[in-house]
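Following: one structure in structure tokens, then a few remarks.
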4 protein chains.
Amino acid sequence: MPRPADPNAKIDLLRAAEEVFAERGLDNAKVGEITERAGHSKGSFYLHFGSKEDAFRQIVESTLARLAACLDENKIHESVRLPPGEHVAKWRADDLEMFEFIWANRRVMRLMLEGGGSSDFGYLIDQFADRSRKQAAEALRLGVANGLYRSDLDVDVASMVLAGGYDRVARELVRAERKPDLPKLLATLQRVCLTGIGSARVTAVVDRPVKKASARTVRTAARIQVARRNGAT
Amino acid sequence: MPRPADPNAKIDLLRAAEEVFAERGLDNAKVGEITERAGHSKGSFYLHFGSKEDAFRQIVESTLARLAACLDENKIHESVRLPPGEHVAKWRADDLEMFEFIWANRRVMRLMLEGGGSSDFGYLIDQFADRSRKQAAEALRLGVANGLYRSDLDVDVASMVLAGGYDRVARELVRAERKPDLPKLLATLQRVCLTGIGSARVTAVVDRPVKKASARTVRTAARIQVARRNGAT
Amino acid sequence: MPRPADPNAKIDLLRAAEEVFAERGLDNAKVGEITERAGHSKGSFYLHFGSKEDAFRQIVESTLARLAACLDENKIHESVRLPPGEHVAKWRADDLEMFEFIWANRRVMRLMLEGGGSSDFGYLIDQFADRSRKQAAEALRLGVANGLYRSDLDVDVASMVLAGGYDRVARELVRAERKPDLPKLLATLQRVCLTGIGSARVTAVVDRPVKKASARTVRTAARIQVARRNGAT
Amino acid sequence: MPRPADPNAKIDLLRAAEEVFAERGLDNAKVGEITERAGHSKGSFYLHFGSKEDAFRQIVESTLARLAACLDENKIHESVRLPPGEHVAKWRADDLEMFEFIWANRRVMRLMLEGGGSSDFGYLIDQFADRSRKQAAEALRLGVANGLYRSDLDVDVASMVLAGGYDRVARELVRAERKPDLPKLLATLQRVCLTGIGSARVTAVVDRPVKKASARTVRTAARIQVARRNGAT
DNA sequence: TATGAATGAGCGTTCATTCAT
DNA sequence: CATGAATGAACGCTCATTCAT
């Protein structure tokens, strides 16, 4: 049964594609299932997309682009110039915006965070991960320079922890069944990132720039490597 | 006596399979390519594995099992009972063992961390992520009880940051071309986790349990949601 | 409007499938050969049939269903109520209809009578054989009650002979190169069935219900069994 | 685990092959299953048989050869020279011998009667059917000449009925779960063949040589053919 | 002779993409 | 623009047969 010209065709198809990609991953998604759910014909799919991969790319890239706006360099430059109290509040507001977006688009975000079900698009995910880390690094660098962050901070490693921590929160969020209290969650997240986990007793032990590994650690590591050489499968 | 079983057959096949799965992902890996690279026949593959998926599962599960040994609960219980200095050293030694393993098995680890190229095995990755987070939470809980970690720590959120931070470091590691100085890297990582990123100026602002979101944050969030309702696709 | 469905596609495929199944049997028939002979693509085959077995089933079952109409119970009930002369004529007309059908569909009929070339479909053939025998038994029972057939008839055995005799005629027919004179053949067949093969001299010997095996026969049988015990594999 | 030289190897393999062929048909039987059930190696199978088909042929042909002995021409020549009473008794004894053999070898017999599960061996079955019919024809011819059978018998058709009737009884026998009372069954079978099924009322109608089809029958047949041309699928 | 691991040709089926209407 | 029947390359898996021991 043909239907009249449908200006919503592409939207229907994108929505259905998103659904199917999310459920099955790129490789196991069938064009036929997408068009069936969209209520359009297979031919219509190829009127709007060059290929199945193209549809996937359009979905992922548009989401990625919109998400990237939340990780804007300008915001960072602005933010680090603020006095501590406002900096912290701005940070939280920016995070909230980003996580609201992630929640709203959790299906696609989850698809992306879990690799898209195809190794061919790993680059997209990597790209985003690299970007978020670089932004974190830049923010830390500026923050250190502005006295917001610890002057002895190893920016490379800290940016990994920061990006990774946020990444993990995002991964949990996209899999959540009910929307959590985001402002509260993000405030706590921020606080953990800023203050770390150690009590005074412990931070005293580590709270100085690490020059090099202690002799003891090096010996332990050596033992482990020897063990592995002998026994690993 | 029949021709004796080629003792290398399965190993060759596993190695080749690992290679091909890593390059193409499960779905796009071709059994023919695996056997060709392994230098064995197609039939031989099915002498050792029930199916392509079975080979994938064997590779991933055995790696996962060996990795799980590095995330042992006993270690945690031991570790938190030590005095701060030793606790910190033990932590680093355990981390080193784990990351040495990850480096040694970086090809499979990368495959797993990037979703295996198939949505059917997402559960494996999820499972591991859940596990690592639960272990982190348990460690934090005990550490707080023992006075090692801040008494006002939100264990749920902090465990996400911790697991996420380590996760990210692992992701960078499996993609690294040259082996980094792991002891140094892990010491820095540990230090960041323990002390956080904030300078005294900033931590002062946030260094108290968060009761609820500030009025300002709530207003910001509301604005965002309205914006999304109007414009998001 | 899409390209309209090729109305001949399924018919072409069925014809070709029938041909190939008849030549090679189900198991040795190759889908590729069927589609090649049909002048359609391999994909087209799966547009019309769920599997090779499904195509086989469709061919066999539709023929079987149409054939079953020739073995209708109603016809039997009608027929046995007629006076002898008309009964005999009706019988011949019904047989003619059935054997005309068998001739017209001799390729499929032969396929079926010879087991379809696959043990998985033996049940179809058995089913038909059972049915034809049951119909014969019913017809005989009614005929005996109506005085058309011998009152001392052993219906069970006679129905086997009847069904078997017709079965064999059908088997010869489906392998015949030229169409025989069916009305004549069937008239003769009917006559043999009705009057038997024995001359008066011989029928006198056997023309009474058999009570039990004679002593001589039993002794013979015993000898045979002993012989078998000693020598048969 | 190798076993000592086993002179029973071929017998074990034949028995297992018979079993598997009977269960699955030639095409679906797997050499691996045969050797497993036989308790021998795959290699051993090919030491005794050139191929799977060869094993099948050996099984079928040896059974067929032994069965053929039961359909011996000499017996026929002997039998028809006997006076009626003895002729009938001899017939029954010969039948009994044959059906005892069929019962004893019912698994292979069933395999053969049902087409062996492969069209490639249809010729064996056809061959046997032709042979049994020819023997029947020869017996009838001689019997007519000797006044044992009706002088107006159409030997060609009657031999089909005879061979078909016996064939059907054999088909039922090979599928029977318990051994029937063969002497009684065969006596009844013989009686039906000799005397036919018709009562005097009916045989009177047909008991004369058929010259040609009646005008009425021909018209009926014509009607049917017209109908088929118009309506057949 | 006996073994059973190894082989690889072969086939059923899927599904992204095309194109006549 | 829209349709969906048609296409055919591609791939997982099977299993009869071989042969080093």
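Numbered from 1 within each chain, the chains take letters A, B, ... in sequence-line order. Just the heavy atoms: all of them, side chains too, but no hydrogens, waters or symmetry mates, feed the values below.
A donor-acceptor contact shorter than 3.5 Å links the side chain of D/Arg171 to the backbone of D/Leu113. Under a 3.5 Å cut-off, the side chain of B/Lys52 and the backbone N or O of B/Leu26 do form a donor-acceptor pair.
Of the residues in residues 8-22 of chain B, none has a non-hydrogen atom less than 4.0 angstrom from any atom of DNA chain F.
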| said: Run the side chain to side chain contact (heavy atoms under 4.5 Å, CB included) test on B/Arg175 and A/Asp126 for me, step by step, so that the C-alpha distance in whole Å, both residues' side-chain angles and the decisive distance to 0.1 Å come before the verdict. | reply: CA-CA 10 Å; B/Arg175 294 171 57 201; A/Asp126 291 348; 3.8 Å; yes
| Which is it for D/Met112 and D/Phe121 under the side chain to side chain contact (heavy atoms under 4.5 Å, CB included) test, yes or no, and what are the steps along the way? | CA-CA 9 Å; D/Met112 283 167 30; D/Phe121 288 86; over 6 Å; no
| Could you go step by step and tell me if D/Phe21 and D/Val60 meet the side chain to side chain contact (heavy atoms under 4.5 Å, CB included) rule? | CA-CA 10 Å; D/Phe21 287 144; D/Val60 172; over 6 Å; no
| said: Evaluate A/His48 against A/His40 for side chain to side chain contact (heavy atoms under 4.5 Å, CB included), listing each step before the verdict. | reply: CA-CA 11 Å; A/His48 295 286; A/His40 291 268; over 6 Å; no
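Across every non-hydrogen atom of C/Ala29 and C/Val20, the tightest pair is CB-CG1, 3.6 Å.
The nearest whole Å value for the distance from the CG atom in D/Asp54 to the P atom in F/dA16 is 14 Å. Spacing between atom CZ of B/Phe56 and atom P of F/dC13 amounts to 14 Å, rounded to whole angstrom units. Between the P atom of F/dC11 and the CG atom of B/Leu26 lies a distance of 14 Å, rounded to the nearest Å. Between the CD1 atom of C/Ile34 and the P atom of E/dC11 there is a distance of 12 Å, rounded to whole Å. Atom CZ of D/Phe45 is separated from atom C1' of E/dA2 by 15 Å (rounded to the nearest Å). For the pair C/Glu36 CD and F/dA6 P, the interatomic distance rounds to 19 Å; values are reported in whole Å. Going from atom CG of A/Asp27 over to atom C1' of F/dC11 covers 14 Å, rounded to whole Å. Rounding to whole angstrom units, CG of residue C/Asp6 and C1' of E/dC19 are separated by 15 Å.
By the 4.5 Å heavy-atom criterion applied to side chains, B/Val174 and B/Glu114 are not counted as neighbours. Side-chain contact check for C/Leu13 versus C/Ser44: some heavy-atom pair is nearer than 4.5 Å.
Partners of B/Glu61 according to the side chain to side chain contact (heavy atoms under 4.5 Å, CB included) rule, which considers only residues two or more places apart in sequence or in another chain, are B/Arg57, B/Tyr123, B/Leu124. Partners of D/Ala16 under the side chain to side chain contact (heavy atoms under 4.5 Å, CB included) rule, at least two apart in sequence or in another chain, are D/Ile34, D/Arg37, D/Ala38. Evaluation of the side chain to side chain contact (heavy atoms under 4.5 Å, CB included) rule for B/Leu14 yields B/Lys10, B/Phe49, B/Ile59 as partners, not counting sequence neighbours.
No engagement by A/Thr35 is indicated, since no non-hydrogen atom pair under 4.0 Å with the nucleic acid exists. Heavy atoms of D/Ala29 sit under 4.0 angstrom from primed sugar atoms or phosphate atoms, though from no base atom.
Side-chain nitrogen and oxygen atoms of D/His40 include none within less than 4.0 Å of the OP1 or OP2 phosphate oxygen of E/dT1.
With distances taken from any side-chain atom of C/Tyr46 to the nucleotides F/dC13, F/dC1, E/dT14, the minimum falls on E/dT14.
Ranked by how close their nearest DNA chain E nucleotide is to the 5' end, B/Leu47 and C/Gly50 are led by B/Leu47. Residue whose closest nucleotide on DNA chain F sits further toward the 5' end, between D/Val31 and B/Ser51: B/Ser51.
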For nucleotides 8-10 of chain F, print each protein N/O atom paired with a nucleotide N/O atom at under 3.5 Å, atom names and distance only.
| unit_1 | atom_1 | unit_2 | atom_2 | d |
| --- | --- | --- | --- | --- |
| F/dG8 | N7 | C/Gly43 | N | 3.2 |

| said: Both atom distances under 3.5 Å, Watson-Crick or G-U wobble: I'd like the secondary structure of DNA chain F as a dot-bracket string, with | for pairs made across strands. | reply: .||||||||||||||||||||
